[in-house]
Amino acid sequence: MDDNTTTPATARPSTAGTAPPDGGLPDYGQIERPPFDPPRVLVIRNVFDQAPIPPAIAKALTVDHGRVVIRPTPGATDPATLALDVLTALGKHPHAARTERAQPHALHYSAAWLIGARVSDLLVDRAHLLHPDRLGDLLRLAEQIGATLWLLCAREASHLADLQTSLPALTRRIVQTREVSYLSYSFEPADDSPPPDGRPANRASARPLAGRNITPTSRTPGWPELPSADFTTFLAACRRHLPGHAFTPVAAEFSAIAARADSWTLTHQSLAAVSDDVFTAHLAAWLRDHILGPADDAGHALIRLRAVQASLFLHGILLRWDPSTLGPQPAQKLPGTLTPAIAHRLATMCRTEFAAATALSLHLNHGPTYFETLRCADIDPEAATITTPDHIDDHDMLPTNPKHRRPWPVVRARFLADARRELSLGTTIHLPAAAGWLLAAHLAHRHLQGASADDPYFLHATQPHRSPAAALVQGIRRTCQSLQLPTPPWLHTGDCKFGADRGLIHRTQGWLTERCLTVHLLDPTNLPHVEHPSTYQGPEG
């Protein structure tokens with residue numbers, strides 16, 4: 001078959017002209033479920049102009065499932081409005097492109113977000129109202145992201161014929177025409193159970209879902225109110241104050257985390273001989289990505305912290321926590337700052353660089369000063385991980401504005417020592433899974449700009465020779481203000497005007513600093529021999 005051919009609808013007989021008596025979809029008889037790999041352009045005839053998306057398949061037409069429904073603005077013929085329609089279909093705020101000054105590049109950002117979400121199907125409602133030039137833009141967008149384009153049309157046969165004639169001239173893909181019931185057989189989940197009469201079912205399994213887990217899932221806190229005892233007496237205090245059914249899961253979690261901490265310490269304790277700062281940075285990364293950061297709630301994080309403290313203490317490492325400066329509920333500050341709900345709110349932004357930089361800054365709890373050292377090859381959006389460089393040299397960084405009196409990295413290097421060590425471990429940063437598609441969208445944005453694997457992941461928007469740190473700081477602040485998130489305290493400039501930071505010129509940055517955690521290496525020979533918490537067997541009968 002030639003690439004520029006239009007195949008007629010042969011799957012079912014046409015019954016156009018007979019309106020359904022009950023106001024529902026017309027009855028077209030039985031058709032076969034379409035194959036998994038449909039043609040790239042499909043014209044869906046909906047001559048009665050009815051609701052083309054029944055409730056039964058509405059749940060399958062979501063970004064989570066890799067499908068986006070675009071509803072063009074009636075009467076609009078300019079490409080900027082079409083780009084805003086695509087962004088709105090992706091869940092962006094209608095005014096996000098204007099407030100972020102991204103209107104000239106709105107269609108470019110739309111393609112980046114579509115690639116980041118792994119969208120496989122673009123459905124255009126009432127496509128017969130589109131201007132031919134805008135239809136060509138959608139065809140090119142579908143080609144760019146490798147998605148199938150579904151055009152739902154609701155006009156008479158003559159108008160559909162004109163559309164079917166013009167489509168092959170706009171695209172080199174095969175164009176096929178189907179009836180509106182084809183949507184149900186394409187997207188409605190099939191019931192593979194045999195019918196009651198014993199006849200074999202004629203519908204195959206539903207098409208696999210290729211999207212990402214974009215919508216956050218709510219968690220129900222299941223941990224009881226815990227005593228505020230130190231790690232030396234925490235488990236005994238829980239046994240004394242909690243009933244048996246509440247104490248059992250607490251003790252099990254305490255024992256499991258203590259065993260994990262013991263295994264991690266035996267593997268990384270040699271780093272303490274290299275440098276105390278290096279060991280502290282590795283410990284902070286482990287707590288951030290695997291222990292305290294993913295905790296369900298404050299109680300869960302407190303149990304994990306006390307278990308890690310008890311395990312580290314037996315190896316001559318004191319992890320001290322000073323909750324006095326964290327407010328009335330200090331355990332609330334222990335879990336990770338980048339929660340799935342915040343990642344979902346960041347996904348409503350238009351500019352991918354600010355969404356990705358804000359997510360990374362919130363996860364690491366320090367500013368974007370050394371973000372330009374990250375390369376596109378370091379990003380793995382599938383696993384939401386970032387491979388950090390094994391060292392950061394100020395002389396290897398992108399030069400800043402020569403008119404500035406003092407280069408940005410040099411002035412604040414001594415104030416960003418902790419942040420620099422955390423970002424130059426040569427290890428992997430694990431972000432929450434909900435933030436993976438934020439990284440993927442910006443990576444697609446850089447690839448669409450022509451970036452290679454060795455090019456910087458973050459780049460200055462107008463002057464690539466400059467460091468993007470200052471622009472990213474301003475973008476992160478504006479992003480937090482736009483999403484009604486508190487401005488991160490590690491981005492306060494000058495004399496801080498907030499709380500305990502008042503009067504401090506530059507704030508010490510780091511994940512441990514934000515939680516008032518400090519690491520002290522002790523002499524293990526002077527420690528008494530006590531039973532390891534991981535050997536706890538539970539309460540006696």
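These numbers come from the heavy atoms of this one structure, side chains and all, not from hydrogens, waters or symmetry mates.
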Calculate, to the nearest 0.5 Å, the distance between atoms CD and SG belonging to Glu100 and Cys350 respectively.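 Glu100 atom CD to Cys350 atom SG measures 5.5 Å (nearest 0.5 Å).
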* From NE2 (His128) to CZ (Arg45), nearest 0.5 Å ->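 Those atoms lie 14.5 Å apart.
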- Message: With heavy-atom distances below 4.5 Å as the criterion, would you say the side chains of Val124 and Leu149 are in contact?
- Response: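 Yes, at least one pair of side-chain atoms sits under 4.5 Å.
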*Compare all side-chain heavy atoms of Ile476 with those of Ser361 and state whether any distance is below 4.5 angstrom.*
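SC-SC contact between Ile476 and Ser361 confirmed.
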Any donor-acceptor pair under 3.5 Å from [X] side chain to [Y] backbone:
{"X": "Arg515", "Y": "Pro335", "answer": "yes"}
{"X": "Thr81", "Y": "Ala76", "answer": "no"}
{"X": "Lys92", "Y": "Met349", "answer": "yes"}
{"X": "Thr348", "Y": "Arg345", "answer": "yes"}
{"X": "His460", "Y": "Gln463", "answer": "yes"}
{"X": "Thr88", "Y": "Leu84", "answer": "yes"}
{"X": "Arg446", "Y": "Pro456", "answer": "yes"}
{"X": "Arg118", "Y": "Gly66", "answer": "no"}
{"X": "Arg477", "Y": "Thr487", "answer": "no"}
{"X": "Asp121", "Y": "Arg67", "answer": "no"}

Going by the rule salt bridge (charged side-chain N to carboxylate O under 4.0 Å, His left out), which residues pair with Arg304 if we only count those two or more places apart in sequence or in a different chain?
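Counting only residues at least two positions away or on another chain, Arg304 forms a salt bridge (charged side-chain N to carboxylate O under 4.0 Å, His left out) with Glu253.
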(Q) Evaluate Thr428 against Ile386 for side-chain contact (heavy atoms from CB on, under 4.5 Å), listing each step before the verdict. (A) CA-CA 5 Å; Thr428 302; Ile386 299 177; over 6 Å; no
Practice prompt. Verify side-chain contact (heavy atoms from CB on, under 4.5 Å) between Val43 and Cys153, making sure each step is shown before the conclusion.
Written response: CA-CA 7 Å; Val43 179; Cys153 302; 4.1 Å; yes
Note to self: What I want to check is whether the side chains of Arg288 and Asn365 have a donor and an acceptor closer together than 3.5 Å.
What the structure shows: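 Asn365 and Arg288 do not have a side-chain donor-acceptor pair below 3.5 Å.
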Is it true that Glu353 and Tyr457 share a donor-acceptor pair across their side chains at a distance under 3.5 Å?
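The answer is no; no qualifying pair exists.
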- Task: For side-chain contact (heavy atoms from CB on, under 4.5 Å), just list the numbers for Ile429 and Leu423, CA-CA rounded to whole Å, side-chain angles, deciding distance to a tenth of an Å, and then say yes or no.
- Result: CA-CA 9 Å; Ile429 299 175; Leu423 204 59; 3.9 Å; yes
Parallel, tilted or perpendicular for Trp286 and Trp264, by the 30°/60° rule?
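Rings of Trp286 and Trp264: parallel, as their planes differ by under 30°.
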For the residue pair Trp223 and His300, is the inter-centroid distance of their aromatic rings smaller than 6.0 Å?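 Trp223 vs His300: aromatic centres under 6.0 Å.
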Exercise for the section: Check whether more than 12 heavy atoms from other residues, nucleotides or ligands sit under 6.0 Å from atom NE2 of His105, and answer yes or no. Expected result: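 Open.
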*Which is it for Ile70 and Leu138 under the side-chain contact (heavy atoms from CB on, under 4.5 Å) test, yes or no, and what are the steps along the way?*
CA-CA 10 Å; Ile70 303 173; Leu138 285 175; 4.2 Å; yes
Original post:
Does the pair Arg134/Asp137 count as a salt bridge with the N-to-O cut at 4.0 Å?
Top reply: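 Yes, Arg134 and Asp137 are salt-bridged.
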